[in-house]
There are 2 protein chains.
Amino acid sequence: MLIRTTTVSRPAVDGQLAALAGQQIICSEFTYRRGMEVFGEGEEAEYVYQIVSGTIRTYKMLCDGRRQINSFHLADDMFGLENGIIHRFTAEAVTQAKVRITSRSSLLDTIAQREPGQASLLNLVTRNLQHAENHMLLLGRKTALDKLAAFLLEMDERLAHPNVMSLPMNRRDIADYLGLTLETVSRAFSILRDDKMLRFDGQTQRQLVLLDREALVQLDA
Amino acid sequence: MLIRTTTVSRPAVDGQLAALAGQQIICSEFTYRRGMEVFGEGEEAEYVYQIVSGTIRTYKMLCDGRRQINSFHLADDMFGLENGIIHRFTAEAVTQAKVRITSRSSLLDTIAQREPGQASLLNLVTRNLQHAENHMLLLGRKTALDKLAAFLLEMDERLAHPNVMSLPMNRRDIADYLGLTLETVSRAFSILRDDKMLRFDGQTQRQLVLLDREALVQLDA
DNA sequence: CGCCCTGTTGAACTCTTTCAAAAAATGTGG
DNA sequence: CCACATTTTTTGAAAGAGTTCAACAGGGCG
């Protein structure tokens, strides 16, 4: 882990974070060289960041090295604010970048005190954001089979792992969710069926049983 | 526009919206039939929604009909909360769905409304979410050329429409942002150059001039 | 000058889409 | 309950967009 409190400086008056947090907040600046990591996916989210100058990329990776960059952050952009205590993606300097760093807990404490209620609303929005981040990785970097496996696991989890899963949506809806055509979705279903990862239950093709969640997780990862 | 205050009912105790808003908030329920639109992209965001039962899809569309579904919302999920006054996507019933509807303004009023104009944390997170929603449409439904045009317009705007645009990132970064390979990005650059939509400036291929923003917008739309 | 990094271009290949047809499921009316 | 129409899903074959593998070109820097 990097030591981040190298350059302690007075927060700029116009900085969003500084404005949000007020002057009493611990706030320092650090300069990252090209390619340096600001934080990694899975690390504890101790700080919130705002760019003073330079460019930062935030991204997720699949285990085989496929990478999906969520955003390029330029001057004044904020990033790294998490709902939970863990960073959901990695942040790296694209160019040399000067970054303003604020303690997450002190920031959130201040917000909670000053604007009670906004914190819980913030939670809801952050949850949507989290879903969107995962979905960008899926859309940008997964194959048709990966996508369908991920979709089935998502539905399985949200429906609380039922024995027989009833999908409320048709193949076109699934396709438009996964960035595919309905024919490709149908073919992917057939492959998973032939490979014994699922079977259809009853007359309809919308009721199905996941036979091998492990294998689906493998595809998704 | 639909009349939504059909069934006025006491908010469920465990509902997120009710919990957020408190019991004094105007809160009603409405049942949407399969295929019905809850709200459309671009409409005024008067209400916030939470699902009681059924499934709702939220999506964006390109002008030629390509559709990208952001999320399927199931029981208890909240959706439709916007930062600004306009809905950024469309919401429709996948199945018959019962939805709890709350007035946005009364919800936000209750949640200690901050003074207008000042940056809020919620604003910052919502901006990230908004970007993610647009990017999902790009990743799921746009061609390589569309994607590069969208990227260039995004950078152009964020760099305040400079004459000569200096990209801080290399082709691989752009590729990983757009869900492409670096070779495809390079080819797309060459096509846009040959079609006189941009030209490279100076020695490097990271400095460029947008020659026809209109045409790029056309590609992106 | 030569090396490394970044970017471009070509050719073969692969995955997904498109177009087409048939099969399966759902709904309707007698 | 059955016949018929409609919608949804599956499957096949051909076409297309993007990837992969490979070679090369140009600039920056020791």
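So you know, we letter chains A, B, ... as the sequences are listed, proteins then strands, and number each from 1.
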- request: At the 4.0 Å heavy-atom cut-off to chain B, mark where contacts on DNA chain C begin and end, going 5' to 3'.
  value: C:dT6 to C:dA11

query: For DNA chain D, which residues in residues 168-183 of chain A have a heavy atom at a distance below 4.0 Å?
result: A:Asn170, A:Arg171, A:Leu182, A:Glu183

field: For DNA chain C, the residues among residues 138-156 of chain B that have a non-hydrogen atom under 4.0 Å from it
entry: none

- request: Give a yes or no on this: more than 12 heavy atoms of other residues, nucleotides or ligands lie within 6.0 Å of atom CZ of B:Arg34.
  value: no

- request: Give the minimum heavy-atom separation between B:Pro168 and A:Val94, together with the two atoms involved.
  value: O-CG1, 3.4 Å

- request: Would you check if the side chain of A:Arg199 reaches a backbone N or O of A:Asp194 as a donor-acceptor pair within less than 3.5 Å?
  value: no

message: B:Asp173 vs B:Leu167, test: side chain to side chain contact (heavy atoms under 4.5 Å, CB included). Steps then yes/no.
response: CA-CA 11 Å; B:Asp173 284 330; B:Leu167 297 176; over 6 Å; no

message: Check whether A:His135 reaches the backbone of B:Glu133 with its side chain - one donor and one acceptor, N or O, closer than 3.5 Å.
response: no

field: Backbone of B:Arg88 reached by a side-chain donor or acceptor of B:Lys60 within 3.5 Å
entry: yes

- request: Using five pairs at either end of the helix from C:dC1-D:dG30 to C:dG30-D:dC1, determine the angle between the two local helix axes and round it to 10 degrees.
  value: 40°

- prompt: Is it true that A:Arg104 and A:Glu46 make a salt bridge, defined as a side-chain N closer than 4.0 Å to a carboxylate O?
  reply: no

query: Got a sec? Which of residues 196-209 of chain B come in under 4.0 Å of DNA chain C, heavy atoms?
result: B:Phe200, B:Gln205, B:Arg206

query: Hey, is the main chain of B:Arg206 close enough, under 3.5 Å, to the side chain of B:Thr204 for a donor-acceptor pair?
result: yes

field: Heavy-atom donor-acceptor pair, A:Gln68 side chain to B:Asp176 backbone, under 3.5 Å
entry: yes

- prompt: So, does A:Glu29 use its side chain to make a donor-acceptor pair with the main chain of A:Arg100 at under 3.5 Å?
  reply: no

task: Give a yes or no on whether the backbone of A:Arg67 and the side-chain of A:Arg141 come within a donor-acceptor separation of less than 3.5 Å.
output: yes

More than 12 heavy atoms from other groups under 6.0 Å of CD on A:Gln218: no

message: With no hydrogens and no angle check, just 3.5 Å: does a side-chain donor-acceptor pair link A:Arg193 and A:Ser190?
response: yes

query: chain A on DNA chain D: first and last contacting nucleotide, 5' to 3', under 4.0 Å to a heavy atom?
result: D:dT8 to D:dA13

- request: Spell out, as yes or no, whether a donor-acceptor pair under 3.5 Å connects the side chain of A:Thr55 to the backbone of A:Thr95.
  value: no

- request: Using a heavy-atom cut-off of under 4.0 Å over every strand shown, decide if B:Thr184 touches base, sugar-phosphate, or nothing.
  value: base

- prompt: Can the ring centres of B:Tyr47 and B:Phe39 be said to be less than 6.0 Å apart?
  reply: no

- prompt: Got a donor-acceptor contact below 3.5 angstrom from the A:Asp195 side chain to the A:Met197 backbone?
  reply: no

Heavy-atom neighbours of B:Asn163 CG exceed 12 at 6.0 Å: no

